[in-house]
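The figures here come from the full heavy-atom set of this structure, side chains too, leaving out hydrogens, waters and symmetry mates.
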Amino acid sequence: MAKVLCVLYDDPTDGYPTTYARDDLPRIDHYPGGQTTPTPAGTDFTPGHLLGSVTGELGLRTFLESRGHTLVVTSDKDDPDGTGRTVFDRELPDADIVISQPFWPAYLTPERIAAAKNLKLAVTAGIGSDHVDLDAAIAHGITVAEVTYCNSISVAEHVVMMTLSLVRNYLPSHQVVLDGGWNIADCVARSYDLEGMHVGTVAAGRIGLAVLRRLAPFDVKLHYTDRHRLPEATERELGLTWHDSAEAMAPHCDVITINAPLHPETEGLFGDKLIATMKRGAYLINTARAKIVDRDAVDRALRSGQLAGYAGDVWYPQPAPADHPWRTMPHHGMTPHISGSSLSAQARYAAGTREILESWFDGKPIRDEYLIVDGGALAGTGAHSYSTATPTS
């Protein structure tokens with residue numbers, strides 16, 4: 001029987017609710033290509049249930065315990081002093097399976113993997129497994145899987161929301177209302193129409209392409225860069241201009257959205273040098289990974305006016321410390337890492353996590369697009385965004 005160690009974010013500050021208002025929503029389970037994740041029998045993954053926090057347990061306890069497995073759920077995973085006193089570190093040495101989230105990552109470093117003598121499977125309840133040292137996982141024969149597709153649309157919607165919020169100066173205008181004011185000039189002094197702007201995405205995979213499709217009706221000029229060029233028919237349909245690198249695309253865009261995975265080729269990509277080539281007063285949106293941009297370069301660019309705004313929901317580390325400069329830099333629209341954890345997305349990644357576990361326990365192949373590492377090597381279609389040189393965590 002297996003010990004499953006699951007690391008999830010804390011419950012709401014006002015307590016854990018059983019449901020929220022929108023239980024009437026149908027479960028959104030359709031994946032591209034006609035694939036679906038079926039709701040496991042006897043389980044409720046309906047949108048409206050807060051499955052992603054500690055008390056929600058991804059809806060896994062009854063399923064696991066009915067099969068004789070042990071489930072340990074905690075939010076206590078950060079160990080900045082290296083004391084090993086977190087619940088995660090205490091429970092890890094005899095854990096067979098670790099489940100974590102991109103929003104509240106339990107970093108599986110080489111040291112932690114070496115200490116986890118029983119660890120055989122690391123599951124990301126979401127998309128993005130860069131919190132797992134893939135080299136160490138390969139060396140120790142650990143399978144790494146994530147729930148590919150589960151929240152791509154959730155993140156894409158967040159990108160569109162943040163783009164409009166920055167360009168239309170929504171957040172400062174809302175603050176005027178909260179402060180009891182009514183100075184219209186203050187609100188509109190930094191407000192523009194998105195229509196007619198040039199918007200580009202770094203990477204046009206599941207999320208990047210969904211962003212492009214959602215922005216097309218705004219009558220913008222769309223650009224993208226990706227090492228895999230999209231089909232010509234898609235380029236014609238959306239009026240896309242392809243660039244062979246982020247460096248080639250950056251000078252043309254009023255808005256750039258980053259939708260690439262973190263790996264050695266993208267780490268630190270948007271630093272002082274690349275940001276300086278962007279149009280002065282451009283906007284940068286990053287819901288991918290924080291370390292794709294240089295933290296302090298973004299702060300400097302906002303203060304100098306080189307960037308008119310920066311928004312994203314990815315930080316390093318996560319959770320971000322209270323003195324993180326992105327909390328206080330001007331003209332930002334940051335959120336905690338929430339873009340892929342809407343209640344609708346939670347239903348999908350909870351169901352996908354259970355599907356992975358069912359396949360594992362039943363000795364059946366894990367769905368190919370879920371696999372990142374298997375059999376001592378990068379594996380599956382899900383691995384195309386990763387390299388065996390894991391970036392710094």
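Counting non-hydrogen atoms of neighbouring residues, nucleotides and ligands closer than 6.0 angstrom, the CZ atom of R85 reaches no more than 12 such neighbours.
Not a single donor-acceptor pair under 3.5 Å links the side chain of S154 to the backbone N or O of G340. Of the possible polar contacts, none joining the D374 side chain to the A377 backbone as a donor-acceptor pair under 3.5 Å is found. A donor-acceptor contact shorter than 3.5 Å links the side chain of K77 to the backbone of P105.
Side-chain contact check for C253 versus M278: every heavy-atom pair is 4.5 Å or farther apart. At least one side-chain heavy atom of K3 sits under 4.5 Å from a side-chain heavy atom of E91. Under the 4.5 Å side-chain criterion, counting only non-hydrogen atoms from C-beta, V54 is not in contact with T74. R295 is listed as a side-chain neighbour of W326, based on a closest heavy-atom distance under 4.5 Å. In this structure, the side chains of T143 and L121 come closer than 4.5 Å at one or more pairs of heavy atoms. Side-chain contact between Y149 and R348 is absent, with no heavy atoms from C-beta onward closer than 4.5 Å. Looking only at side-chain heavy atoms (C-beta outward), Y170 and S191 stay at 4.5 Å or farther from each other. Side-chain contact between R168 and D193 is present, with at least one heavy-atom pair separated by less than 4.5 Å.
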Intermediate values then yes/no, side chain to side chain contact (heavy atoms under 4.5 Å, CB included), M162 and T257: CA-CA 10 Å; M162 286 184 153; T257 168; over 6 Å; no
Test side chain to side chain contact (heavy atoms under 4.5 Å, CB included) applied to V7 and Q101, step by step: CA-CA 7 Å; V7 182; Q101 302 167 303; over 6 Å; no
E235 vs R229, salt bridge (Lys or Arg N to Asp or Glu O under 4.0 Å): CA-CA, chis, key distance, verdict: CA-CA 9 Å; E235 291 187 348; R229 190 164 179 175; 2.8 Å; yes
Trace of the ring-ring contact (aromatic ring centres under 6.0 Å, His included) decision for Y310 with F270: CA-CA 12 Å; Y310 178 86; F270 279 83; 9.4 Å; no
From CA spacing to verdict: side chain to side chain contact (heavy atoms under 4.5 Å, CB included), T241, H198: CA-CA 10 Å; T241 299; H198 290 255; over 6 Å; no
Criterion side chain to side chain contact (heavy atoms under 4.5 Å, CB included) on R300 and D294, from CA distance to verdict: CA-CA 10 Å; R300 285 190 291 269; D294 180 300; 4.3 Å; yes
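Note: H69 and F361 have parallel aromatic rings, judged against thresholds of 30 and 60 degrees for the angle between ring planes. Using cut-offs of 30° and 60° for the angle between ring planes, the H252 and H223 rings count as parallel.
D11 and S53 share a side-chain donor-acceptor pair at under 3.5 Å. Residues S129 and E146 have side chains that bring a donor and an acceptor to within less than 3.5 angstrom of each other. Using modelled atom types and a 3.5 Å distance limit, the side chains of S359 and Y370 yield no donor-acceptor pair. With hydrogens and angles left out, the side-chain atoms of Y349 and S341 include a donor and acceptor closer than 3.5 Å.
Salt bridge present: R213 and E237 bring a charged side-chain N and a carboxylate O closer than 4.0 Å.
Residues V147 and V314 fall into different hydrophobic clusters, defined by Ile, Leu, Val, Met, Phe, Trp and Tyr side chains chained together at heavy-atom separations under 4.5 Å. Hydrophobic cluster membership differs between V211 and I338, with clusters built from Ile, Leu, Val, Met, Phe, Trp and Tyr side chains linked at under 4.5 angstrom.
What you find for D362 and R67 is that their closest heavy atoms are OD1-NH1, 3.0 Å. Annotation for A2 and D96: closest pair CA-OD2, 3.4 Å, computed over non-hydrogen atoms. Of all the heavy atoms in H332 and L166, the pair that sits closest is C-CD2, 4.5 Å. Residue A288 comes nearest to I292 through the heavy atom pair CB-CD1, 3.9 Å, listed as atom of the first residue, atom of the second, then distance. Here the closest non-hydrogen pair linking G208 and T201 is CA-OG1, 3.9 Å. Among all heavy-atom pairs drawn from F103 and H337, the shortest one is CB-O, 3.4 Å.
Annotation: the span from T124 atom OG1 to H131 atom NE2 amounts to 3.5 Å, rounded to 0.5 Å.
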